[in-house]
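Working notes, beginning with the structure itself.
Letters A, B, ... are given to chains in the order of the sequence lines, protein chains preceding strands, and every chain is numbered from 1.
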Number of protein chains: 2
Amino acid sequence: MKNGKRVQERLREHGLKVTPQRKVILEVISKMKNHPTAEMIMQEIAQVEPDISTATVYKTLDMFAEKGLILRIKTDRDVMRYDPFINRHHHLYLDESDEIIDYEDEELNRLLEQYFRKKNIPGMVIEDYRVEIKAKKER
Amino acid sequence: MKNGKRVQERLREHGLKVTPQRKVILEVISKMKNHPTAEMIMQEIAQVEPDISTATVYKTLDMFAEKGLILRIKTDRDVMRYDPFINRHHHLYLDESDEIIDYEDEELNRLLEQYFRKKNIPGMVIEDYRVEIKAKKER
DNA sequence: GTGGCTGCAAAGCCTTTGCAGACAT
DNA sequence: ATGTCTGCAAAGGCTTTGCAGCCAC
């Protein structure tokens with residue numbers, strides 16, 4: 001029950017009521033890679049607990065994103081995607097395959113952190129930033 | 001007819017047939033700021049040439065984006081947005097107001113250019129990159 | 001001439017909504 | 001006890017599609 005517990009705590013820490021549905025949803029997406037769509041998430045859920053409704057999944061994902069448990073990912077074509085990995089990281093968008101790959105690099109993070117610390121954008125408070133990298137596979 | 005001519009050339013340069021609809025659409029979006037939605041674009045178009053159909057606008061915007069005349073902008077909530085400004089620049093996303101503001105800074109561009117020139121991502125060819133900055137207005 | 005473009009209307013699809021009943025705290 | 005969450009089904013809204021006729025080249 002290690003996971004179950006962790007999930008429960010994470011919900012509570014983020015000020016969310018703990019319900020069976022939320023536990024399942026958070027547990028499932030936490031294991032998913034590749035920035036799943038709502039549909040992919042629902043498929044996974046169906047294998048654990050088939051009776052969670054579409055509406056609930058959508059509402060819950062929204063709620064999670066709002067509370068910072070997951071990230072909504074920007075796409076320019078696709079349906080919505082979600083990202084259970086909330087550390088600072090960047091995204092490689094592969095147009096050919098619709099993949100979105102996490103890109104982590106300490107050097108890049110440092111570079112940007114330094115840049116944004118000393119740079120001020122007048123009238124703005126910067127809350128977060130992320131590099132979106134358009135790339136294709138080498139062949 | 002200065003604009004008309006420029007628009008025509010831009011279409012041709014990008015390998016597109018020149019049609020009256022495309023001329024109007026490109027001319028209109030080239031003047032728009034604030035990363036308009038398809039709807040906003042259609043409203044503007046309606047004032048110049050009311051008989052262009054929705055389908056044509058969507059198809060044309062897609063085509064333009066594919067050929068690199070404009071950018072499709074990633075959003076995580078919103079409808080699709082388009083950006084007629086295709087130089088290297090970054091985006092400030094203001095969640096509170098749904099605004100997306102262009103952010104240009106030579107220093108940031110240099111920093112990233114340097115970084116990506118020396119950094120290799122195995123198996124990947126980097127085609128483009130852009131920083132998405134989440135911010136809010138200072139008050 | 002002909003391949004590509006346009007317009008119309010309809011379809012498609014993902015996501016949201018409204019509401020009544022159930023549940024967590 | 002009560003404010004919140006869930007599930008259902010239906011609606012909503014943006015975008016795409018199919019197709020016939022038209023146009024740019």
Side-chain angles (χ1 to χ4, degrees), chain A residues 4-5 7-29 35-43 45-46 48-67 69-70 72-82 98, chain B residues 4-5 7-29 35-43 45-46 48-67 69-70 72-82 98:
Chain A
K5 194 166 170 204
V7 157
Q8 208 158 311
E9 278 160 17
R10 288 175 64 199
L11 288 171
R12 249 195 273 278
E13 281 164 14
H14 287 83
L16 289 166
K17 271 193 187 168
V18 177
T19 69
Q21 290 86 343
R22 287 176 177 183
K23 278 160 56 174
V24 171
I25 296 174
L26 184 53
E27 195 160 343
V28 164
I29 57 175
H35 312 86
T37 62
E39 199 197 339
M40 294 159 81
I41 294 170
M42 289 189 280
Q43 279 176 22
I45 289 169
V48 181
E49 184 61 71
D51 292 336
I52 300 183
S53 77
T54 308
T56 299
V57 174
Y58 275 106
K59 285 174 193 163
T60 304
L61 291 172
D62 264 20
M63 182 101 289
F64 284 0
E66 202 174 291
K67 300 290 186 181
L69 272 158
I70 63 175
R72 290 168 77 98
I73 300 194
K74 298 173 173 47
T75 63
D76 65 355
R77 288 239 150 244
D78 231 359
V79 298
M80 190 61 54
R81 302 244 205 155
Y82 301 87
D98 268 353
Chain B
K5 194 167 172 205
V7 158
Q8 208 157 313
E9 277 160 17
R10 288 175 63 200
L11 289 170
R12 248 195 274 279
E13 281 164 14
H14 286 84
L16 289 165
K17 271 191 187 173
V18 177
T19 68
Q21 290 86 343
R22 289 176 175 184
K23 278 162 51 175
V24 172
I25 296 173
L26 183 53
E27 195 159 343
V28 165
I29 57 175
H35 313 86
T37 62
E39 200 198 339
M40 293 159 83
I41 294 169
M42 289 189 282
Q43 280 177 21
I45 290 170
V48 181
E49 184 62 70
D51 292 335
I52 300 183
S53 77
T54 307
T56 299
V57 174
Y58 275 106
K59 286 174 193 163
T60 304
L61 291 172
D62 263 20
M63 181 102 290
F64 285 0
E66 201 174 294
K67 299 290 188 182
L69 271 159
I70 63 176
R72 290 168 76 99
I73 299 194
K74 297 173 173 47
T75 63
D76 66 355
R77 287 237 154 245
D78 230 4
V79 298
M80 188 62 53
R81 302 243 206 156
Y82 301 88
D98 268 353

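- With rounding to the nearest 0.5 angstrom, the CD1 atom of A:Ile41 is 6.5 Å from the OH atom of A:Tyr82.
- For the atom pair B:Leu11 CG and B:Ile25 CD1, the distance stands at 10.0 Å (nearest 0.5 Å).
- Within the 4.0 Å cut-off from OP1 or OP2 of C:dA24, not a single side-chain nitrogen or oxygen of A:Arg12 is found.
- The overall bend of the helix from C:dG1-D:dC25 to C:dT25-D:dA1, read as the angle between its terminal helix axes built from five base pairs each, is 50° when rounded to 10 degrees.
- One can place CG of B:Asp76 at 16 Å from C1' of C:dC14, the figure rounded to the nearest angstrom.
- Here the P atom of nucleotide C:dA24 and the CG atom of A:Leu11 are 13 Å apart, to the nearest Å.
- The shortest side-chain heavy-atom distance between A:Gln8 and A:Leu26 does not fall under the 4.5 Å cut-off.
- Considering CE of B:Met42 and OG1 of B:Thr54, their distance stands at 5.0 Å, rounded to 0.5 Å.
- Between the CD1 atom of A:Ile25 and the P atom of D:dG7 there is a distance of 8 Å, rounded to whole Å.
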With the criterion being N/O to N/O and under 3.5 Å, what pairs connect the protein with nucleotides 2-8 of chain C, and how long is each?
{"residue": "C:dG3", "atom": "N2", "partner": "B:Lys17", "partner atom": "NZ", "Å": "3.3"}
{"residue": "C:dC5", "atom": "OP1", "partner": "B:Arg22", "partner atom": "NH1", "Å": "3.2"}
{"residue": "C:dC5", "atom": "OP1", "partner": "B:Arg22", "partner atom": "NH2", "Å": "3.0"}
{"residue": "C:dC5", "atom": "O5'", "partner": "B:Arg22", "partner atom": "NH2", "Å": "3.4"}
{"residue": "C:dT6", "atom": "OP1", "partner": "B:Thr19", "partner atom": "OG1", "Å": "2.8"}
{"residue": "C:dT6", "atom": "O3'", "partner": "B:Gln21", "partner atom": "NE2", "Å": "2.8"}
{"residue": "C:dG7", "atom": "OP1", "partner": "B:Gln21", "partner atom": "NE2", "Å": "3.2"}
{"residue": "C:dG7", "atom": "OP1", "partner": "B:Asp51", "partner atom": "O", "Å": "3.0"}
{"residue": "C:dG7", "atom": "OP2", "partner": "B:Ser53", "partner atom": "N", "Å": "3.3"}
{"residue": "C:dG7", "atom": "OP2", "partner": "B:Thr56", "partner atom": "OG1", "Å": "2.7"}
{"residue": "C:dG7", "atom": "O6", "partner": "B:Lys59", "partner atom": "NZ", "Å": "2.8"}

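- Looking at B:Arg22, its side chain does come within 3.5 Å of a backbone N or O of B:Lys17 through a donor-acceptor pair.
- Contact annotation: A:Tyr58 side-chain N/O to C:dT15 OP1/OP2 distance is under 4.0 Å.
- For A:Arg81, the side chain to side chain donor-acceptor pair (under 3.5 Å) partners are A:Asp78, not counting sequence neighbours.
- The CZ atom of B:Arg10 sits 14.0 Å away from atom NZ of B:Lys23, with the distance rounded to the nearest 0.5 Å.
- Nucleotide D:dC14 holds its P atom 13 Å from the CZ atom of B:Arg81, rounded to whole Å.
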